[in-house]
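First comes the structure, then the notes that go with it.
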Amino acid sequence: LPTTMGTGSENTKFAVITDSRTHTKKIVWKIGDLAICDPELTHGSPKRLIAATGMDAFAHAAEAMTVKEYNPMTEVLGVEAIKRISKYLPIAYNESTNEEAMYNMMVASNMAGLALTNNGCNIGHACAEEIGAAFNIPHGICCAWGLPETMAHAVKNKYPQVQLIADAFSIKYDQQDSPEVVGEKVADGIRQFIKKLDIKPMSEYGIDREKLMNLADLVMQNHAFFNLPIPMSKEEVREFLGRMYDTY
């Protein structure tokens, strides 16, 4: 019985544990027999929890759509989840007892969790899991930081999927725009959305930029790293982490 409307863990094949000695996160593979999703269990959730778990769901949907493997069911689930999140997450954030908003976020979370189970996640999650463990920051906040740059990177060879994400999120672009321009418009749209949820930049969490970039080796060992649509070198991962820090 999930008590947040973000992670979708009730129907994924993943559970995550943090090793407090090594400050790393590990995946436990699991499949439950039954999930009961009652949005009333989320009513009255703290705003910071709604913001973090809601952005985790957003990241599940968008990242699953842009990994190296293609799955049409993932697109269907991801697009619908993003549509609901873009409309209802800001409402849920400001009105945690709004029945319509909390219901739709629970549904979106479940859909995004299924999309994640189908395809896995992208570079954003590979970074988020290592950042969260290293600096003791909520996972969904780290996912929010990683999602814009993930979309800007994925558009290089997942342009149709990033277009679908733009459309689901009501981000305007011109048909003659290059993939890179569309990717940056999507990234910037997500950044503006995150700001409405009062998610602070990394610097305000006391994260040092160089220490962040030094997580590159751990990011490259993360399970999600092997789903990337475009392989990345260590230097490219360091640059990606640096852009995450600089652009939000």
Side-chain angles (χ1 to χ4, degrees), residues 2-10 37-66 76-116 121-122 124-125 128 132 137-152 162-173 182-202 204-205 244 247-248:
T3 56
T4 66
M5 19 61 73
T7 69
S9 294
E10 68 274 5
C37 300
D38 183 352
E40 286 193 21
L41 295 177
T42 69
H43 286 192
S45 296
K47 295 180 76 170
R48 58 184 175 78
L49 181 67
I50 292 172
T53 57
M55 285 309 302
D56 188 23
F58 193 167
H60 287 165
E63 289 188 32
M65 289 175 63
T66 54
V76 172
L77 291 163
V79 165
E80 184 59 29
I82 292 168
K83 285 180 179 178
R84 291 175 188 248
I85 291 166
S86 66
K87 179 176 180 179
Y88 290 107
L89 179 53
I91 299 172
Y93 178 70
N94 289 300
E95 304 174 41
S96 64
T97 56
N98 184 299
E99 292 186 7
E100 182 181 9
M102 302 306 273
Y103 167 82
N104 277 280
M105 282 305 302
M106 180 69 81
V107 172
S109 168
N110 194 274
M111 289 176 170
L114 287 170
L116 164 69
C121 281
N122 207 325
H125 255 69
I137 295 170
H139 175 66
I141 300 297
C142 302
C143 288
W145 290 334
L147 187 55
E149 287 301 323
T150 300
M151 295 297 98
V162 175
Q163 280 186 305
L164 287 174
I165 292 166
D167 294 340
F169 202 52
S170 300
I171 292 173
K172 303 300 182 185
Y173 60 92
V182 173
E184 189 49 49
K185 286 182 176 180
V186 172
D188 191 57
I190 294 171
R191 292 185 194 106
Q192 299 309 312
F193 185 77
I194 295 168
K195 289 177 181 177
K196 295 177 182 178
L197 303 175
D198 301 317
I199 293 177
K200 299 180 178 69
M202 292 191 199
E204 294 193 30
Y205 278 84
M244 284 176 57
T247 59
Y248 183 74

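For the single chain, residues carry numbers from 1 onward in sequence order. Just so you know, these numbers use all the heavy atoms, side chains as well, and skip hydrogens, waters and symmetry mates.
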#### Entry: For the student: nearest non-hydrogen atoms of Gly78 and Ala115, plus distance
N-CB, 4.5 Å

#### Entry: Trp145 side chain vs Gly140 backbone, donor-acceptor pair below 3.5 Å
no

### Heavy-atom pair with the smallest gap, counting every atom of Ile137 and Cys142
CG2-SG, 3.8 Å

### Query
Please walk me through it: do Thr53 and Ser109 pass side chain to side chain contact (heavy atoms under 4.5 Å, CB included)?
CA-CA 9 Å; Thr53 57; Ser109 168; over 6 Å; no

### side chain to side chain contact (heavy atoms under 4.5 Å, CB included) between Lys87 and Asn104, intermediate numbers included
CA-CA 9 Å; Lys87 179 176 180 179; Asn104 277 280; over 6 Å; no

### Query
Is a side-chain donor or acceptor of Ser170 paired with a backbone partner of Ala166 at a separation under 3.5 angstrom?
no

### Query
Quick one: does Met102's side chain get under 4.5 Å of Tyr88's, heavy atoms only?
no

### Query
Is a side-chain N or O of Ser96 found less than 3.5 angstrom from the main chain of Ala92, in a donor-acceptor match?
no

### Non-hydrogen side-chain atoms of Ile194 and Pro148 separated by less than 4.5 Å
yes

### Task
Determine whether more than 12 heavy atoms belonging to other residues, nucleotides or ligands lie under 6.0 Å from atom CZ of Arg48.
no

### Query
Can you tell if the side chain of Met105 reaches within under 4.5 Å of the side chain of Pro39, non-hydrogen atoms only?
no

### Query
Rounded to the nearest 0.5 Å, how far does CG of Asn98 lie from CD1 of Ile91?
6.0 Å

### Test log, rule side chain to side chain contact (heavy atoms under 4.5 Å, CB included), inputs Glu149 and Tyr248
CA-CA 10 Å; Glu149 287 301 323; Tyr248 183 74; over 6 Å; no

### Query
At what distance, to the nearest 0.5 angstrom, does OG of Ser86 lie from CD1 of Ile190?
11.0 Å

### Task
Could you walk me through whether Thr66 and Asn122 pass the side chain to side chain donor-acceptor pair (under 3.5 Å) test, one step at a time?
CA-CA 7 Å; Thr66 54; Asn122 207 325; 3.2 Å; yes

## Note on the structure
Closest non-hydrogen contact found for Pro90 with Leu197 is CA-CD2, 4.4 Å

### Residue pair Tyr205 / Ile141, side-chain heavy-atom distance below 4.5 Å
yes

### Nearest heavy atoms of Thr97 and Gly44, plus distance in Å
CG2-N, 4.0 Å

### Query
Can you find a pair of side-chain heavy atoms, one from Leu116 and one from Cys121, that are under 4.5 Å apart?
yes

### Query
Side-chain donor-acceptor pair under 3.5 Å between Asp198 and Tyr93, yes or no?
yes

### Task
Give a yes or no answer on whether the side chain of Glu63 reaches the backbone of His125 with a donor-acceptor pair at less than 3.5 Å.
yes

### Message
Could you tell me if the side chain of Val79 sits less than 4.5 Å from the side chain of Met65, heavy atoms only?
### Response
yes

### Task
Determine whether Met111 and Arg84 make a side-chain contact, defined as any pair of heavy atoms from C-beta on separated by less than 4.5 Å.
yes

### Query
Roughly how far, to the nearest 0.5 Å, is the CE atom of Met55 from the CG atom of Leu147?
5.5 Å

### Query
Below 4.5 Å, heavy atoms only, C-beta onward: do Tyr173 and Asp167 meet side chain to side chain?
yes

#### Entry: Closest non-hydrogen atom pair between Val162 and Gly183, with its separation
CG1-CA, 4.5 Å

### Message
The test is side chain to side chain contact (heavy atoms under 4.5 Å, CB included); show your working for Thr4 and Met106 and say whether it passes.
### Response
CA-CA 8 Å; Thr4 66; Met106 180 69 81; over 6 Å; no

### Query
Listed by chain and number, what are the salt bridge (Lys or Arg N to Asp or Glu O under 4.0 Å) partners of Lys185, not counting sequence neighbours?
Asp177

### Task
Indicate yes or no for a side-chain donor-acceptor contact from Asp56 to the backbone of Ala52 under 3.5 Å, with no hydrogens or angles considered.
no

### Query
What are the two closest heavy atoms between Ala112 and His60, and how far apart are they?
O-CB, 3.7 Å

### Message
With rounding to the nearest 0.5 angstrom, report the CG to CD1 distance, Leu89 to Ile82.
### Response
12.5 Å

### Query
Below 4.0 angstrom, N of the basic side chain to O of the carboxylate: do Lys47 and Glu95 qualify?
no

### Query
Out of curiosity, Leu49 CG to Met5 CE, how far, rounded to the nearest 0.5 Å?
8.0 Å

#### Entry: Centroid-centroid under 6.0 Å between Phe58 and Phe169 rings
yes

